[in-house]
There are 2 protein chains.
Amino acid sequence: MVQAQERTAVRAKKRFHHGDLREALIAATRDLLIEHGPDGFTLADACRRAGVTTAAPYKHFRDKQEIIEEIVARGFEELTAANAKAVAEGGPGTVAGITAIGLSYLDFAVAQPAVFRLMFGHKSKIRKVNHVDESGNRCLKSVIEQVAAYSRKHGHTADAEKIAIRLWTFVHGASSLELDGDYERVAPGLNVHDLIAGVTPKLLGAASEGRAPRGKKR
Amino acid sequence: MVQAQERTAVRAKKRFHHGDLREALIAATRDLLIEHGPDGFTLADACRRAGVTTAAPYKHFRDKQEIIEEIVARGFEELTAANAKAVAEGGPGTVAGITAIGLSYLDFAVAQPAVFRLMFGHKSKIRKVNHVDESGNRCLKSVIEQVAAYSRKHGHTADAEKIAIRLWTFVHGASSLELDGDYERVAPGLNVHDLIAGVTPKLLGAASEGRAPRGKKR
DNA sequence: TAACCTAAGTTAGATATGCTAACTTATTGA
DNA sequence: TCAATAAGTTAGCATATCTAACTTAGGTTA
């Protein structure tokens, strides 16, 4: 038993080879991003957490930015998946379903503010543009599809892409202002969920079709 | 003449006392912010531009952040003034006037992306919260007033603050997505002015009241 | 099993930044 | 006029990113 513990300790602490430093660094960076925001993070800190020297990361990443790119890419995948799940639950092609996408977007932004900022923040930070663009496109495309389905169902003739962009714009604005604390300092106590749920039908041009989905606390 | 030139050269280059280093540093920082974005800027660079050593700024600012705070504060003043001017020109209490505020907000964001990001970016960066909050409040308050005036005029009963927040949210989203290049990579060629001018009446609950104000190129 | 190859660490160091302390120069005003 | 002070300078500390050269451990193959 003691031997086993010792072996574990050795495996965890003393081993020359870390085991999976790449993943460990990504995880540490994410944690630091959560703790200190998108700028307060340092590579050296991540190394300390992973228990390696500050030169070690360069065996796995070209530079600091490449770690960030990896995290951004994963963020887009996560967001896309969350949106898809929201649509499926809310009901494809319905106001509720489309509202659910917006709320899922907001939830993601609030849950991972730093990652969200890196994802949509000014792009010069991101070299691996292809990958990111693809994910972004997929996100919007799914909204367009839902809006188109909704329009067909209700005999609307409006341009689905135009409406989808309006929805995205509003939801992105709400998410940004919420996670940057701008609402808080100008309109404290605002319920952002209600805000999105209230405007979505308006932008869809819906008269009414039942109430908004989940109406959580804040 | 030669003497005069020499004196000028001395005044510009050699003098021990800079003359107005404080303003010079603020100007240099703004330029660097424009060139390298809100993060790429270094205090040392600003010093080089102003022609002083890297220790000089600390005679005028507590630290790097204090320069940024000054720039943010001035940004809010500028934005507030621009909005006021837009309303006056577009017509107070009209759809055109309210749309003009939104477009002025957008114009500011596009003209000074880095400053805009610092102004609305996550607030932990800003210590001098009081000043900033005041300016922010004044901005929104003027929109609320315009919406209220509009509502009175048309006999609407809607909550002016609620509508103002919806407008702000949309315009802020449009500005953010535009200046971060997110529209460009997902819907190239989009006309953001039209986007704002198209949605503003909808959010105001206006049937129609004449066309949007200026309909510039992009 | 032994020996080698290579992936994945390490140490050492070059360069840059933010900021402080102690010193120097110019301006100002009593 | 000269002393006080505002506004620079030099020197140096701590920390960050990243490179180069070295070392160690694991896996493959003879």
Side-chain angles (χ1 to χ4, degrees), chain A residues 6-29 31-33 35-71 114 118 124-127, chain B residues 6-29 31-33 35-71 114 118 124-127:
Chain A
E6 232 169 42
R7 253 189 284 124
T8 305
V10 167
R11 193 189 297 154
K13 283 191 143 201
K14 292 229 147 202
R15 259 196 342 189
F16 187 89
H17 288 287
H18 179 285
D20 195 354
L21 182 55
R22 192 185 152 85
E23 285 303 318
L25 283 172
I26 290 173
T29 301
D31 290 349
L32 285 168
L33 244 29
E35 285 172 40
H36 304 122
D39 302 324
F41 133 82
T42 69
L43 193 50
D45 248 333
C47 289
R48 256 162 251 137
R49 295 217 174 180
V52 295
T53 63
T54 58
Y58 298 91
K59 286 290 184 307
H60 297 275
F61 302 95
R62 182 144 55 107
D63 54 19
K64 186 182 176 180
Q65 187 156 310
E66 204 171 273
I67 297 190
I68 290 175
E69 279 159 18
E70 180 66 34
I71 288 173
L118 289 172
S124 82
K125 268 186 183 167
I126 292 162
R127 275 184 307 235
Chain B
E6 232 169 45
R7 253 188 286 123
T8 307
V10 167
R11 191 189 300 153
K13 283 192 143 200
K14 292 230 146 204
R15 261 197 338 193
F16 186 90
H17 288 288
H18 179 285
D20 195 353
L21 182 56
R22 193 186 151 85
E23 285 302 318
L25 283 173
I26 290 172
T29 301
D31 290 349
L32 285 167
L33 244 31
E35 286 172 40
H36 304 122
D39 302 324
F41 135 82
T42 69
L43 194 51
D45 247 332
C47 289
R48 256 162 251 137
R49 295 219 173 178
V52 294
T53 62
T54 58
Y58 299 91
K59 286 291 183 312
H60 298 275
F61 301 95
R62 182 145 54 108
D63 54 19
K64 186 182 176 181
Q65 188 156 309
E66 203 171 275
I67 298 190
I68 290 174
E69 278 160 17
E70 179 66 34
I71 288 173
L118 289 171
S124 82
K125 269 185 182 167
I126 291 161
R127 275 186 306 236

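Rounding to whole angstrom units, CZ of residue A:Phe61 and P of D:dT19 are separated by 15 Å. The CG-P distance, from B:Asp39 to D:dT17, rounds to 14 Å in whole Å. Put simply, CG on A:Asp20 is 16 Å from C1' on D:dG26, counting in whole angstrom units. Taking atom CG of residue A:Leu25 and atom C1' of nucleotide C:dA8, one finds them 12 Å apart after rounding to whole Å. Taking atom CG of A:Leu32 as the reference point, atom P of D:dT17 lies 11 Å away to the nearest angstrom. C:dG18 atom C1' lies 12 Å from atom CD1 of B:Ile68, rounded to whole Å. Distance CG (A:Leu43) to P (C:dA16): 19 Å, rounded to an integer number of Å. Across the protein-nucleic acid pair, B:Gln65 atom CD and C:dT17 atom P stand 19 Å apart, rounded to whole Å.
Map A:Thr54 and B:Leu21 each onto its nearest nucleotide of DNA chain D; the residue landing nearer the 5' end is B:Leu21. Comparing B:Arg22 and A:Ala55 by the nucleotide of DNA chain D that holds the closest heavy atom to each, the one mapping nearer the 5' end is B:Arg22.
Distance check: B:Glu23 CD to B:Glu70 CD gives 7.5 Å after rounding to the nearest 0.5 Å. Atom CG in B:Leu21 sits 9.5 Å away from atom CD1 in B:Ile26 (nearest 0.5 Å). The CZ atom of A:Arg48 sits 9.5 Å away from the CG atom of A:Leu32 when rounded to the nearest 0.5 Å.
Residues A:Phe61 and A:Leu43 have side chains not in contact (no heavy-atom distance under 4.5 Å, counting atoms from C-beta outward).
Among all heavy-atom pairs drawn from A:Cys47 and A:Thr53, the shortest one is SG-O, 3.6 Å.
Of all nucleotides listed (C:dG9, D:dA16, C:dT17), C:dT17 comes nearest to the side chain of B:Ala44. Of all nucleotides listed (C:dT11, D:dT17, C:dC19), C:dC19 comes nearest to the side chain of B:Lys64. Side-chain atoms of A:Thr42 lie closest to D:dT17 of the nucleotides C:dT20, C:dG9, D:dT17. Distances from the side chain of A:Asp63 to the nucleotides D:dC18, D:dA7, C:dG18 place D:dC18 closest. Taking the side chain of A:Ala56 as heavy atoms from C-beta on, and the options C:dT10, C:dT17, D:dG8, the nearest nucleotide is C:dT10. Side-chain proximity of B:Tyr58 to the nucleotides C:dT11, C:dG9, C:dC19 is greatest for C:dC19.
Looking at heavy-atom distances under 4.0 Å, B:Thr53 makes contact with a base. Within 4.0 Å (heavy atoms only), A:Lys59 reaches at least one base atom of the nucleic acid.
OP1 or OP2 of D:dA16 has at least one side-chain nitrogen or oxygen of A:Arg48 nearer than 4.0 Å. Checking the phosphate oxygens (OP1, OP2) of C:dG9, a side-chain nitrogen or oxygen of A:His60 falls inside 4.0 Å.
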